[in-house]
Each structure stands twice: as C-alpha cells, then as structure tokens.
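Have a look at this one before I ask anything.
These numbers come from a predicted model, not from an experiment.
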Amino acid sequence: MFMRSVAQLKPGEKGIVNNFTNEYISLKLLEMGVLPGTEVEMKFAAPLGDPICIRVSGYDLSLRLEEAGTITLS
C-alpha cells in the first residue's frame, strides 16, 4: 500500500499525520508538535525546493525534505 509523505505535498495541500518511518527523527518531530492525528499543510518550498515550510499545530515549521519524507500521511 502506497503511503504519501509530507515531502510529496504541493503548496496548499493538507494531510493528517499517520506515522513516522525514522525513529530518531520522529522524536525531534514529536517534540515540535508533529503528532499523529495532527493536520499539516504545505505552505511553500525554498527556491531550490529544500527546505520546505509546513503549518502544524498553529505555527510554521521548516523541514528538510529528508525529514519531511519520514512523516507518512493518512
């Protein structure tokens, strides 16, 4: 079954956090409010595509594509 990640969202698209694929990075993301069941919205990407900015838990968060790729959406 194909799972979409935050890194695959286009500006303006939203998704619900389902799980994480990297335990180490997930701890960092959880501390920043990226929790399962939370809605995330892709705001924009830097001119070269990395990093990206997402809105989660009421604030904007910048992530590298590598980090965003570990967040699966439902």
Sequence neighbours excluded and cut-off under 3.5 Å, please list the side-chain donor-acceptor pairs for residues 67-74, or say none.
from	atom 1	to	atom 2	distance (Å)
Glu67	OE1	Arg64	N	2.9
Glu67	OE2	Lys28	NZ	2.4
Thr70	OG1	Glu67	O	2.6
Thr72	OG1	Asn19	N	3.2
Thr72	OG1	Asn19	O	3.1

(request) To the nearest 0.5 Å, tell me how far Ile25 CD1 sits from Phe20 CZ. (result)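 Result: 10.5 Å between the selected atoms.
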Under 3.5 Å, side-chain donor or acceptor atoms of residues 30-56 against the rest of the protein: list the pairs with distances, not counting sequence neighbours.
from	atom 1	to	atom 2	distance (Å)
Thr38	OG1	Leu35	O	2.9
Asp50	OD1	Leu65	N	2.9
Arg55	NE	Asp60	OD1	3.2
Arg55	NH1	Gly58	O	3.2
Arg55	NH2	Asp60	OD1	3.2

(request) Could I get the full list of salt bridge (Lys or Arg N to Asp or Glu O under 4.0 Å) partners for Glu66, not counting sequence neighbours? (result)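 Scan of Glu66 (salt bridge (Lys or Arg N to Asp or Glu O under 4.0 Å), adjacent residues dropped) gives none.
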